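First up is the structure itself, then whatever we jot down about it.
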Amino acid sequence: MDLQAVLDSIYAELSPRLGEGKVADYIPQLAKIDPHQFGMAIATTDGKLYSVGSADTGFSIQSISKVFMLTLALGKVGEGLWKRVGREPSGTSFNSIVQLEREEGIPRNPFINAGAIAVTDVVLSGHAPREAIGEFLRFVRYVADDESVVIDDKVARSETETGFRNFALANFMRAYGNIQHPVEHTLGVYFHQCALSMSCIQLARAGLYLAAQGTNPLTGHSVVSPKRARRINALMLMCGHYDGSGDFAYRVGLPGKSGVGGGILAVAPGIASIGVWSPGLNKVGNSQLGSVALELLAARTGWSVFGD
Ligand code: GLN
């Protein structure tokens with residue numbers, strides 16, 4: 001299959017629609033982003049790379065970082081992590097508070113904000129916030145095999161100043177003992193992980209370990225066991241798009257994780273890792289055109305995990 005031709009056809013089809021959706025304006029720094037942008041990259045497990053549009057432009061990966069932080073936390077505490085966070089789809093928005101009270105401070109899954117904040121709190125154990133941020137950045141550079149990945153401090157600061165809902169979620173969990181560090185410390189790490197700036201190409205490469213049974217086939221770096229890679233993919237499929245996860249599975253059929261910066265990391269197990277970016281979001285906070293692009297990709301390649 002000519003994957004470059006597939007990407008080119010997707011780009012051509014979406015070009016007239018660039019600008020659809022709404023940028024995430026609740027984070028002031030992200031509100032400034034031009035929504036008329038689109039990039040997509042595919043890194044295959046046999047070592048090839050294909051890209052189209054602004055695939056080399058860095059963007060704020062936001063919640064996609066939750067996949068990497070989850071990987072790091074599982075490496076530290078293993079299955080014990082599931083005492084702090086569940087593994088079920090939430091059916092509520094990414095920053096919902098109401099479910100957290102009903103379920104006594106244990107978030108539904110590691111990809112909604114509350115769950116990700118609890119996971120970050122686990123990684124923070126035994127470290128100063130600055131060290132945990134450094135450890136996280138080193139880890140992402142390692143999985144991406146790219147030392148040029150950076151954190152955008154302006155985005156981190158912007159969210160620190162305005163992330164009142166996240167403070168509410170974290171304080172709530174602290175009241176139940178599910179946040180064990182000062183809330184400012186845990187959120188300091190969380191806002192910096194979300195502010196990671198990466199391009200579609202970097203993201204596609206960073207996701208290769210999930211597409212290739214836990215080991216990056218380009219570098220030979222073993223990141224997680226095959227079993228853990230499979231399980232992270234399962235969580236991404238069920239929970240990676242918040243209350244849009246069912247629709248994403250229905251339309252695309254691939255494990256995926258979105259972020260409010262407009263990026264999506266998708267995994268075709270055994271085949272490829274895909275990074276796509278377009279800043280305009282749909283009603284539930286997932287990239288509008290990024291989702292359509294992945295739907296077209298799945299249709300044209302037959303890569304859905306449910307068959308073609
Ligand atoms: N940093 C964002 C927040 O906490 C991440 C949300 C997202 O990407 N869905 O609100």
Side-chain angles (χ1 to χ4, degrees), residues 21-33 35 58-70 85 89-97 99-100 107-121 123-124 129 133 136 140 151-173 179 183-198 203 235-236 238-245 247-248 256-266 275-288 290-291:
K22 267 191 67 195
V23 296
D25 52 9
Y26 75 98
I27 301 175
Q29 202 62 25
L30 296 185
K32 299 181 187 164
I33 305 288
F59 60 89
S60 195
I61 72 163
Q62 292 295 320
S63 285
I64 303 170
S65 67
K66 295 169 180 174
V67 175
F68 303 123
M69 198 56 109
L70 172 67
V85 62
S90 67
T92 55
S93 64
F94 65 85
N95 54 10
S96 170
I97 293 178
Q99 194 171 57
L100 196 58
R108 271 287 172 102
N109 68 65
F111 294 145
I112 50 173
N113 283 12
I117 293 166
V119 168
T120 297
D121 192 67
V123 171
L124 182 54
I133 294 167
F136 177 73
V140 176
I151 290 170
D152 183 335
D153 285 317
K154 275 204 197 122
V155 173
R157 209 170 317 122
S158 180
E159 208 181 350
T160 307
E161 286 161 5
T162 55
F164 307 115
R165 280 189 85 101
N166 286 323
F167 277 98
L169 290 167
N171 275 304
F172 211 86
M173 289 189 285
I179 291 293
V183 160
E184 316 77 69
H185 289 192
T186 306
L187 286 179
V189 180
Y190 172 78
F191 292 142
H192 280 82
Q193 82 186 53
C194 289
L196 207 67
S197 174
M198 290 174 82
L203 202 55
L235 289 164
M236 288 170 72
M238 300 305 293
C239 316
H241 284 72
Y242 319 112
D243 42 343
S245 298
D247 191 52
F248 187 83
K257 182 74 208 81
S258 69
V260 289
I264 302 175
L265 170 64
V276 60
W277 170 60
S278 185
L281 307 178
N282 64 19
K283 282 198 290 295
V284 290
N286 301 316
S287 175
Q288 165 83 14
S291 310

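Numbering of ligands and ligand atoms starts at 1, following listing order. Predicted model only: the values in this text are computed from it and were never measured.
If you look at ligand 1, the protein residues with a non-hydrogen atom under 4.0 Å away are Tyr26, Gln62, Ser63, Phe94, Asn113, Glu159, Asn166, Tyr190, Cys194, Tyr242, Gly259, Val260.
Looking only at atom types and distance, the side chain of Thr186 has a donor-acceptor partner in the side chain of Asp121 under 3.5 Å away. Side chains of Tyr242 and Ser96: no donor on one and acceptor on the other come within 3.5 Å. With 3.5 Å as the limit, one finds a donor-acceptor pair spanning the side chains of Thr120 and Gln193.
For Asn166, the side-chain hydrogen bond (donor to acceptor under 3.5 Å, both in side chains) criterion is met by Asn113, Glu159, not counting sequence neighbours. Under the ring-ring contact (aromatic ring centres under 6.0 Å, His included) criterion, Phe59 pairs with Trp277, sequence neighbours left out.
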Return all side-chain donor-acceptor pairs below 3.5 angstrom for residues 23-32, not counting sequence neighbours, or 'none' if the list is empty.
residue	atom	partner	partner atom	Å
Gln29	OE1	Lys32	NZ	3.3

